[in-house]
Each structure stands twice: as C-alpha cells, then as structure tokens.
**Student:** 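Below is a structure I'd like to ask you about.
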Amino acid sequence: MASPGSLRIVVLTVLAMLAFAANSVLGRLALDSGTIDAASFTFIRLLSGTLMLALLVRLRKASGNDNSRGSWLSGAMLFLYAICFSYAYLSLNTGIGALILFGMVQLTMIGWGLVRGERPSMMQWTGSVMAVAGLVYLLSPGVTAPSLVGALLMALAGVGWGVYSLRGRGVSQPLRVSADNFLRAAPMALVALLFAMPSWEVDLHGAVLAILSGAGASAIGYAIWYTVLPSLSATLAASVQLSVPVIAAAFGVILMAEPVTLRLVVSTVVILGGIGLVILSKRPSTPR
C-alpha cells in the first residue's frame, strides 16, 4: 500500500501535468472562439501570471539572495514563447500545437547538449532521429497537414521555452526567479499589444480564459511542479512530461470536437517514442 507521502507526490505530479496541458486547451479555447486576440491573450496571461507568482512568493516567504533573480534574456525567451504560442493557436488544433511545442522544447534541450559536447549513445541518436522524423511527417504536405505558419510559430515557441528552461536549470529559488522573469516579460507583451492595437478584440470570456491560463495553469502549475520536482528523479521528471501532449489532445477532442487523424496518431507515437528513448537511455559520456 502506498504511503501518504508517495500518494501526495503522485497527485501533485498529475495536477502539474494537467496544468501544463491546460495551457494549450485554454489558449485554443480562447483564440479559436474569437473572444480575444492573440496579443491581448499574451499580455493578460503574462500579467496575471506575474501577479499570481508574486503572491505565491510572498505567501511562501521564500528566502533568496541577490543571485535569486531572473534576467532580461530569460524574460525575452519567455515572451517569445508566449507570443508565438498565442498566434500559433489561431490556426492549430490543441493536440497538434502541444505536440509541436513539446517536441521542439525537448529537441532544443537535446541540441544544446550536443553543442556542449555531449556524446549521445546509439539509442539517443535513434530517438532524436525518430523525433525529428515524426515532426517532419506531421508537417509534410497533405490534406490533414497543419497550418505551416502556425506550425512554424509553435516551433519557435518551443525553442523559446527550451532556452528558457535551460537557463532556469539549477536555480536555488525557482519560484522567485519565475516571478522575476514574468515581471520582465510582461512589458514586452505590452509593447506587442500596442503594436497590435488595430486588431484588439477582448470580451469577458476571453479575458477570463487568459487569466486562467496565466494565473492558474502557468503560475500555480509551476508552483506545484517545483514542489514535487525534488522528489522525482531527473529521468522520471522528464518522462512524465511525455503525457502532456496526449492529455492536451484528449481535451481537444472532448471539449472542441477536434478530429483525431492518422497523421496525428502516428506523429505522436513516433515523436514521443523517440524522445522517450533519449530520456530513458543512459548518458555514458561527459562534455568535451
């Protein structure tokens, strides 16, 4: 019988994955319905996330020194992710968007390891090639192919989030640093909002969905994840995130009646299977 501590870790991990998937669902629900424009969704999401993270930091009374700060580069990467994410979901289905986003995040982090001189094993190379091949197949021309512009924007969002994640590894106060990075990204979103002024379109429904995405799925989701992360091994922490695109796709089918195409199923299996091989295989070498 599982101990209360183990059960708590399982529950928190599931909640964190649901929160991560909810970002894609909420974004698609808001932007597909036309109740809010992409720039307004981005700004409200980042602003509400900033306020919620600041509140969480204050409530937890997290200690930190001068080094427990964000940076303008990390803030810029967060903004890049958020703005591209919003515009991509104007034309992508929930599952496809989450799959491209997740795949590019992982490939960005794998690629950074190669740049630093890591020597992947044969299984890791096989997994990386599988993941790239799955993305290529997903985006290849055809009747069920996703919007190329939307896919490229989501891929760029994935790169931005991948770089942001790499820069945040090993920080001593992740919640405080996240709050600081959100605070730096919000003014960038405000500038983008001003440039997009002619296309502003916000009603209460769209604004609420953006707040739920920022303050709920993003801020509270990160807080839950950072709470449970110390209890998970690096491999397990990476592996459980394989569930996020699948959860997002399932909600897209249930809530928005999005079609489940053969292309999406095959791509999902190949991409997540390839990334799974990379995560689960051993890393026998050290950086040059």
Side-chain angles (χ1 to χ4, degrees), residues 19-20 22-24 26-28 30-31 36-57 68-92 97-98 100-109 112 149-169 171 174-202 206-207 209-223 225-226:
F20 292 162
N23 265 323
S24 291
L26 292 168
R28 181 61 175 162
L31 296 162
I36 189 171
D37 63 280
S40 296
F41 181 87
T42 302
F43 175 68
I44 295 174
R45 179 187 178 190
L46 289 176
L47 179 61
S48 60
T50 300
L51 296 175
M52 179 58 74
L53 284 168
L55 177 62
L56 292 174
V57 169
S68 298
R69 305 289 181 187
S71 70
W72 285 107
L73 179 56
S74 292
M77 290 298 101
L78 177 60
F79 165 70
L80 177 66
Y81 149 73
I83 195 72
C84 291
F85 173 97
S86 298
Y87 278 97
Y89 265 130
L90 291 173
S91 57
L92 293 180
I100 295 172
L101 175 67
F102 177 85
M104 286 305 301
V105 169
Q106 297 300 320
L107 288 175
T108 299
M109 299 178 78
W112 178 244
V149 173
L152 291 176
L153 284 171
M154 192 60 84
L156 189 56
V159 172
W161 187 252
V163 174
Y164 179 80
S165 299
L166 285 167
R167 290 182 56 81
R169 291 196 303 187
V171 297
L175 200 60
R176 181 186 294 274
V177 171
S178 294
D180 198 31
N181 286 330
F182 265 72
L183 181 61
R184 294 169 191 265
M188 302 179 195
L190 177 59
V191 172
L193 179 64
L194 294 176
F195 274 103
M197 187 183 298
S199 63
W200 283 0
E201 184 178 354
V202 185
L209 290 174
I211 292 171
L212 288 175
S213 176
S218 296
I220 296 178
Y222 298 162
W225 181 237
Y226 291 139

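Small disclaimer: the values here were computed from a predicted structure and weren't measured.
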**Student:** Using side-chain heavy atoms (C-beta onward) and a distance below 4.5 Å, is Phe102 in contact with Phe20?
**Tutor:** no
**Student:** Between the main-chain N or O of Ala215 and the side-chain N or O of Ser218, is there a donor-acceptor pair closer than 3.5 Å?
**Tutor:** no
**Student:** Do Ser48 side-chain atoms and Arg45 backbone N/O form a donor-acceptor pair below 3.5 Å?
**Tutor:** yes
**Student:** Counting C-beta onward and ignoring hydrogens, is there a side-chain heavy-atom pair between Met52 and Ile220 closer than 4.5 Å?
**Tutor:** yes
**Student:** Excluding sequence neighbours, so at least two apart, what forms ring-ring contact (aromatic ring centres under 6.0 Å, His included) with Tyr164?
**Tutor:** Trp161
**Student:** With rounding to the nearest 0.5 angstrom, report the CD1 to CG distance, Ile100 to Leu107.
**Tutor:** 12.0 Å
**Student:** What pairs with Phe41 under ring-ring contact (aromatic ring centres under 6.0 Å, His included), at least two apart in sequence or on another chain?
**Tutor:** none
**Student:** Partners of Arg184 by side chain to side chain donor-acceptor pair (under 3.5 Å), sequence neighbours excluded?
**Tutor:** Asp180
**Student:** Which pair of non-hydrogen atoms, one from Phe79 and one from Ala192, has the smallest distance, and what is that distance?
**Tutor:** CZ-CB, 3.9 Å
**Student:** To the nearest 0.5 angstrom, please state how far the CG atom of Leu80 sits from the CE atom of Met188.
**Tutor:** 10.5 Å
**Student:** Are the side chains of Ile44 and Ile211 in contact, using a 4.5 Å heavy-atom criterion?
**Tutor:** yes
**Student:** Listed by chain and number, what are the side chain to side chain donor-acceptor pair (under 3.5 Å) partners of Thr50, not counting sequence neighbours?
**Tutor:** none
**Student:** Does Trp112 CH2 have over 12 foreign heavy atoms under 6.0 Å away?
**Tutor:** no
**Student:** What's the shortest heavy-atom distance between Val105 and Gly158, and which atoms?
**Tutor:** CG2-O, 3.4 Å
**Student:** For Leu90, enumerate each residue passing the side-chain contact (heavy atoms from CB on, under 4.5 Å) test, keeping only those at least two apart in sequence or located in another chain.
**Tutor:** Leu31, Ala38, Tyr87
**Student:** Quick one: closest heavy-atom pair of Ala179 and Ala54, and the distance?
**Tutor:** CB-N, 4.3 Å
**Student:** Assess whether side chain to side chain contact (heavy atoms under 4.5 Å, CB included) is satisfied between Cys84 and Met154, documenting all intermediate values.
**Tutor:** CA-CA 6 Å; Cys84 291; Met154 192 60 84; over 6 Å; no
**Student:** Can you list the residues that meet the side-chain contact (heavy atoms from CB on, under 4.5 Å) rule with Ala217, with sequence neighbours excluded?
**Tutor:** Ala22, Asn23, Leu26
**Student:** Using the ring of each side chain (for Trp, its six-membered ring), is Phe85 parallel, tilted or perpendicular to Tyr89, with breaks at 30° and 60°?
**Tutor:** perpendicular
**Student:** So which atom in Val202 and which in Ala207 form the shortest heavy-atom distance, rounded to 0.1 Å?
**Tutor:** CG1-CB, 4.1 Å
**Student:** Contact between Glu201 and Ile36 at the side-chain level, heavy atoms closer than 4.5 Å - yes or no?
**Tutor:** no
**Student:** Are Met109 and Ser165 packed together at the side-chain level, in the sense that at least one heavy-atom pair is separated by less than 4.5 angstrom?
**Tutor:** yes
**Student:** Please report the shortest heavy-atom distance between Ser74 and Arg167, naming the atom on each side.
**Tutor:** OG-NE, 2.8 Å
**Student:** So Leu53 and Leu175, side chain to side chain contact (heavy atoms under 4.5 Å, CB included) or not? Walk me through it.
**Tutor:** CA-CA 7 Å; Leu53 284 168; Leu175 200 60; 3.7 Å; yes
**Student:** Checking the side chain of Ser213 only, and the main-chain atoms of Leu209 only, is there a donor and an acceptor separated by less than 3.5 Å?
**Tutor:** no
**Student:** I'd like to check Leu46 versus Leu78 (side-chain heavy atoms, cut-off strictly below 4.5 Å). Are they in contact?
**Tutor:** yes
**Student:** Is there a donor-acceptor contact under 3.5 Å linking the side chains of Asn181 and Ser178?
**Tutor:** no
**Student:** Might you work through the side chain to side chain contact (heavy atoms under 4.5 Å, CB included) test for Val177 and Arg69, ending with a clear yes or no?
**Tutor:** CA-CA 5 Å; Val177 171; Arg69 305 289 181 187; 5.9 Å; no
**Student:** For the residue pair Trp200 and Ala196, what are the closest heavy atoms and their distance?
**Tutor:** CD1-O, 3.3 Å
**Student:** Could you measure the distance from the OH atom of Tyr81 to the CG atom of Leu101? Nearest 0.5 Å is fine.
**Tutor:** 6.0 Å
